[in-house]
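Remarks on the structure that follows.
Heads up: numbering here begins at 1 and tracks the sequence.
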Amino acid sequence: MVCFFLSETPHIVSNLKHIKGSQFAWMVGLLLIATVIAYYHSPHYSGNLMKFINLVTKEWLAKYLIFCYGFLCIREEKDLNKMLHWMVPAVIILFLFGFMNLVTKSATFLDIIGKDMVSIKGTVDSKMYYTDFGRFRVQAMFLFPFDYGFVCVMTFALGVWGYLRGILERNSFIIVAVASLFGIYACGCRTVVFVFLAGGTVFMMSYLKVKRTFVYAVGLLIVIILVYTISPAMQDFLDKTLSVFDPNSSKVEGSSMVMRSQQYAAALWHIKKDLLFGKGIDFFLIDMRWGEGGMEKLVDKDLMGLEGILMNLLLERGFVGVFFYLFVMIGIARYFIKKLKEDKLSAALGLSILVSYLTYANLTGELLSYYSAFFLVGCFAGLIYIQKHGDNYDEGHSDEDDIPESNTAELKLVSTTQRS
């Protein structure tokens, strides 16, 4: 991380002007304020300077500034083209490791790097954890199969953008789509399926006309029904996926709607005297003893794994923390909705990725999702911004500034060409 920030030192003046000129400056500042408030009201952190530095680094620099980096690194559309150029071989490599994981029932990549993980069973062999845990799940190159599936959702979304933009050829897009869909299915996580459906639905509703969206939705439903009737594997997969909504189903494994309700109720009970600021950061890990051994040591079993960022914020940062988080997420979503008239494809993809992240983060927790999600959201926000401001990139104009009349016709021509 130090090397990363040092590499950006030559551009620090123009970067600060660029961020200041956008509407995202206040969002980044608001999140920093939220981090400071959380530190002050956390018994395990308050008064310790080193813990404060660690918290700012972990919470603010390593997470939300990823969005800023994505926003800043797009100086022109060709920058995203370069990313797509390298994405195809990267997706193929990821697919190969995932396929080997499926065949051998062992995560080869994790075996190579000798990576262990801390779980509810203590420190375990990460390459075998999801083989022996009960439900086999493909991890490919990730500690958690959830993250593998989520990254595949992101690569699929980026592939769709590249194909519709005319950057990815048909064959390259098919490779990306097949490899991504394999990961979404093979990771064995219902959460990822819901994330894919949520993001896809938002994209179709934002990008396509209502009539076309309806036709595609009906067509997809017919295909699913046909495959369901002739494929036992698909029947079992869909039954397990939809069992999350049925508390009486015998196929329920892992998370369910009933479990989520219990977790939120338990979180509210713990903060009944600290509704505004919650119990403080690491309350779940230390006071509830989750960090000592997972479910075996957990003081309040109703909290279970505390999957979901909102319930975690509610427990440890109270309604103030939840407010800050939602306020910023809604602000980013509003930006993309407003920009649908300027670059419908990029704005629709940015909104879709944001919704995918929010769905994932609230169904299974953030894990590593924010790295890829915030980076891509920042990239598409930056692309839309640069298309409007053009040569005024480094001058820090705000999103509300008018484009000089001399450039208006030229920018409209470029925008029309890109959409076509």
Inter-residue atom distance Tyr148.OH - Cys189.SG, 0.5 Å rounding: 11.0 Å
Phe67 CZ to Leu354 CG distance, which is reported to the nearest 0.5 Å: 9.0 Å
Minimum side-chain heavy-atom gap Leu340-Ser206 below 4.5 Å: yes
I need the single residue from Met83, His85, Glu77 that forms a side-chain contact (heavy atoms from CB on, under 4.5 Å) with Ile167. Which is it? Glu77
Gap separating the CE atom of Met311 from the OH atom of Tyr264, nearest 0.5 angstrom: 4.5 Å
List the steps and the verdict of side-chain contact (heavy atoms from CB on, under 4.5 Å) for Tyr39 and Glu59. CA-CA 11 Å; Tyr39 163 79; Glu59 270 297 306; over 6 Å; no
Could you please spell out the steps behind the side-chain contact (heavy atoms from CB on, under 4.5 Å) verdict for Cys73 and Phe375? CA-CA 10 Å; Cys73 75; Phe375 176 73; 4.0 Å; yes
Looking only at heavy atoms, the pair that brings Val151 and Ser372 closest together is CG2-OG, 4.5 Å
Quick check: do Cys68 and Phe24 have side-chain heavy atoms less than 4.5 Å from each other? no
Go through Leu367 and Phe142 one step at a time and tell me if the side-chain contact (heavy atoms from CB on, under 4.5 Å) criterion holds. CA-CA 11 Å; Leu367 297 178; Phe142 295 85; over 6 Å; no
Met141 side chain reached by Leu94 side chain, heavy atoms, under 4.5 Å: yes
How close do Phe203 and Leu349 get, heavy atom to heavy atom, and via which atoms? CE1-CD2, 2.9 Å
Validation row: Phe95, Val178 side chains within 4.5 angstrom (heavy atoms): no
Can you check whether Arg165 reaches Leu80 side chain to side chain, under 4.5 Å on heavy atoms? no
If we ignore hydrogens and angles and just use 3.5 Å, is the side chain of Asp147 paired with the main-chain N or O of Leu368 as donor and acceptor? yes
Within the distance-only criterion (no hydrogens, no angle test), does the side chain of Thr364 pair as donor or acceptor with the backbone N or O of Tyr360 below 3.5 angstrom? no
By salt bridge (charged side-chain N to carboxylate O under 4.0 Å, His left out) - contacts of Asp274 (at least two apart): Lys279
Ring-plane angle category for Phe327 and Trp26, please: parallel below 30°, perpendicular beyond 60°, tilted otherwise. perpendicular
Side-chain atoms of residues 29-37: list all donor-acceptor pairs with protein atoms under 3.5 Å, sequence neighbours left out, distances to 0.1 Å.
unit_1 : atom_1 : unit_2 : atom_2 : d
Thr35  : OG1    : Leu31  : O      : 2.9

Do Ile353 and Phe336 have side-chain heavy atoms sitting under 4.5 Å apart? no
Geometric class of the Phe380/Trp161 ring pair [parallel <30°, tilted 30-60°, perpendicular >60°]: perpendicular
Check Tyr385, Phe374, Tyr335 against Phe71 for a ring-ring contact (aromatic ring centres under 6.0 Å, His included) and give me the one that passes. Tyr385
Quick one about Asn54 and Tyr45 (side-chain donor to acceptor, distance below 3.5 Å, no hydrogens or angles considered), yes or no? no
Look at the side chain of Ser352 and the backbone N and O of Ala348, then say whether any donor-acceptor pair between them is shorter than 3.5 Å. no
When every non-hydrogen atom of Thr359 is compared with those of Ala198, the smallest separation belongs to OG1-CB, 3.7 Å
Any heavy-atom pair between the side chains of Val195 and Ser356 that's under 4.5 Å? yes
For the side chain of Glu316 and the backbone of Phe283, is there at least one donor-acceptor N/O pair under 3.5 Å apart? yes
Gap between atom CE of Met329 and atom CG of Leu310 - 0.5 Å precision: 10.5 Å
Donor-acceptor check, side chain of Ser180 to backbone of Ala177, threshold 3.5 angstrom: yes or no? no
Heavy-atom nearest pair, Gly350 first then Val377, reads O-CG2, 4.0 Å
Apply side-chain contact (heavy atoms from CB on, under 4.5 Å) to residues Tyr163 and Val176 and explain how you reach the verdict. CA-CA 10 Å; Tyr163 179 69; Val176 171; over 6 Å; no
If you count every heavy atom of other residues, nucleotides or ligands that lies below 6.0 Å from Glu76 atom CD, does the total exceed 12? yes
Parallel, tilted or perpendicular: ring planes of Phe156 versus Phe173, cut at 30 and 60 degrees: tilted
Measure across Leu84 and Gly162 and return the closest heavy-atom pair with its distance rounded to 0.1 Å. CD1-CA, 3.6 Å
Rounded at 0.5 Å granularity, tell me how far CD1 in Ile175 sits from CD1 in Ile92. 5.0 Å
Could you measure the distance from the CZ atom of Arg334 to the NZ atom of Lys339? Nearest 0.5 Å is fine. 10.5 Å
So, the side chain of Asn101 versus the backbone of Gln139: is there a donor-acceptor pair under 3.5 Å, distance only? yes
Can you see which heavy atom on Ile184 is nearest to which on Cys152, and at what distance? CG1-CB, 3.9 Å
